[in-house]
Amino acid sequence: MKKSIKVALITFLTLCIIFFSLNGLGIIKIYKNQTRANEPNIKANSYLLLSNFASPKSGDFISYTYEEPFIGSHTRIHRLVAQEGDTLQITNGILYVNSKKADENRELAYTYELSLEEYKALKEPEAVKEKWTTDFIGGIVVRMAIPDKTVKKHKLKAKQAMETEGSPSPAVKAYYKKDWNEDFFGPFVVPKGTVFVLGDNRSNSEDSRHIGPIKTEDIKGVLLF
């Protein structure tokens, strides 16, 4: 065997051993994201690099273990938006943490109601069929999740589909015992030893609004890339 090939092989095997060792410890972990809960920032079926070596802070995407009755224990990824002791509130779909707007510099997606004309204008340039789930209502209105930047880019007159205040969401009420919903939530003080997470696709994410705060001990990693 030529020396150059031998060196290359040894280097490759060494890197593999290092990677699998780091992966086993959680220091470096590759995760395939399979949901649209964090679009437009994390695409469905994209691969993510996570690490338990970094300390999670507000604004970070974190991975955590969640026990679901039908699926069992599995990993989820959402954005950490509030830490223990923070007071969180959502009003008209706008997130406030400790009375300050928390989403001003984030690209988010919400569900909008579009006319058929607006939908047709978006379909080709934005590859709507591939990117977003759409529902046709009475053949006149189209309801779909759209990134805020797309609404601004095409100067859409679309109305954001929003829950009304005082109209409880079944999943939210089941956990919090309050007449809250996804767009009118709180105020809520994040309990000790937990964090509050939300999906960037705010109208299409099962997050802390539905399943409660996440225990810090269940956090497995912070998104690096």
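Atom set for the values below is all heavy atoms of this structure, side chains included, hydrogens, waters and symmetry mates excluded. Bear in mind that the values here come from a model prediction, so they are computed numbers and not experimental data.
Across all non-hydrogen atoms, the minimal contact from H78 to V197 is CB-CB, 3.6 Å. Residue S55 comes nearest to V222 through the heavy atom pair C-CG2, 4.3 Å, listed as atom of the first residue, atom of the second, then distance. Listed here is the closest heavy atom pair of S203 and Y110: OG-CA, 3.7 Å. Among all heavy-atom pairs drawn from P168 and G166, the shortest one is CD-O, 3.2 Å. Listed here is the closest heavy atom pair of K43 and P40: NZ-O, 3.2 Å. The minimum heavy-atom distance linking L198 with N38 is given by the pair O-OD1, 4.1 Å.
Every residue two or more places apart in sequence or in another chain that forms a side chain to side chain donor-acceptor pair (under 3.5 Å) with E206 is listed here: R76. Taking the side chain to side chain donor-acceptor pair (under 3.5 Å) definition, one finds that Y176 meets it with nothing, sequence neighbours left out. With sequence neighbours excluded, the residues satisfying side chain to side chain donor-acceptor pair (under 3.5 Å) with D200 are N41, R79. When the side chain to side chain donor-acceptor pair (under 3.5 Å) test is applied to S208, no partner is found at least two apart in sequence or on another chain.
Partner of F196 under the side chain to side chain contact (heavy atoms under 4.5 Å, CB included) criterion, chosen from L95, V97, V81, I214: V81.
Note that the CD1 atom of I62 and the CG atom of L80 stand 4.5 Å from one another [nearest 0.5 Å]. Atoms CG and CD1, from L48 and I30 in turn, are 10.0 Å apart once rounded to the nearest 0.5 Å. Residue Q34 holds its CD atom at 10.5 Å from OG of S46, rounded to the nearest 0.5 Å. Rounding to the nearest 0.5 angstrom, the gap separating the OG1 atom in T75 from the CG atom in N33 is 11.5 Å.
Formation of a donor-acceptor pair under 3.5 Å by the D207 side chain with backbone atoms of R209 is found in this model. Between the side chain of T216 and the backbone N or O of T194, no donor-acceptor pair lies under 3.5 Å. Between the side chain of R106 and the backbone N or O of A102 there is at least one donor-acceptor pair closer than 3.5 Å. Side-chain atoms of N45 do not come within 3.5 Å of backbone N or O of K32 as any donor-acceptor pair. At least one donor-acceptor pair closer than 3.5 Å links the side chain of D60 to the backbone N or O of K57.
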Atom pairs and distances, side-chain donor-acceptor, residues 83-91, under 3.5 Å, sequence neighbours left out:
| from | atom 1 | to | atom 2 | distance (Å) |
| --- | --- | --- | --- | --- |
| E84 | OE1 | G193 | N | 2.7 |
| D86 | OD1 | N98 | ND2 | 3.0 |
| D86 | OD2 | Q83 | N | 2.7 |

Donor-acceptor contacts under 3.5 Å from residues 179-191 side chains, at least two apart:
| from | atom 1 | to | atom 2 | distance (Å) |
| --- | --- | --- | --- | --- |
| D179 | OD1 | K173 | NZ | 2.8 |
| N181 | OD1 | D183 | N | 2.9 |
| N181 | OD1 | F184 | N | 2.8 |
| N181 | ND2 | T164 | O | 2.9 |
| N181 | ND2 | S167 | O | 2.8 |
| E182 | OE2 | S169 | OG | 3.1 |
| E182 | OE2 | H210 | NE2 | 3.0 |
| D183 | OD2 | E163 | N | 2.8 |

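By the 4.5 Å heavy-atom criterion applied to side chains, V195 and I219 are counted as neighbours. The shortest side-chain heavy-atom distance between L156 and L114 falls under the 4.5 Å cut-off. Using a 4.5 Å heavy-atom cutoff, the side chains of T111 and N204 are in contact.
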Working note: D218 + K215, criterion salt bridge (charged side-chain N to carboxylate O under 4.0 Å, His left out); need CA distance, chi angles, decisive distance, verdict.
CA-CA 5 Å; D218 291 333; K215 295 179 182 178; 5.5 Å; no

Yes or no on side chain to side chain donor-acceptor pair (under 3.5 Å) for D148 and Y112, after CA distance, side-chain angles and deciding distance?
CA-CA 10 Å; D148 281 342; Y112 285 86; 3.1 Å; yes

Check against side chain to side chain donor-acceptor pair (under 3.5 Å), T65 and H74:
CA-CA 6 Å; T65 302; H74 61 284; over 6 Å; no

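No path of Ile, Leu, Val, Met, Phe, Trp and Tyr side chains, each step under 4.5 Å between heavy atoms, connects Y96 with L108, placing them in separate hydrophobic clusters. No single ILVMFWY cluster, assembled from side-chain heavy atoms under 4.5 Å apart, contains both F61 and Y66. V172 and M162 fall into different hydrophobic clusters, defined by Ile, Leu, Val, Met, Phe, Trp and Tyr side-chain heavy atoms under 4.5 Å apart, directly or through other members.
A salt bridge links R202 to D103: at least one charged side-chain nitrogen sits closer than 4.0 Å to a carboxylate oxygen.
Atom CG of N105 has 12 or fewer heavy atoms from other residues, nucleotides or ligands within 6.0 Å.
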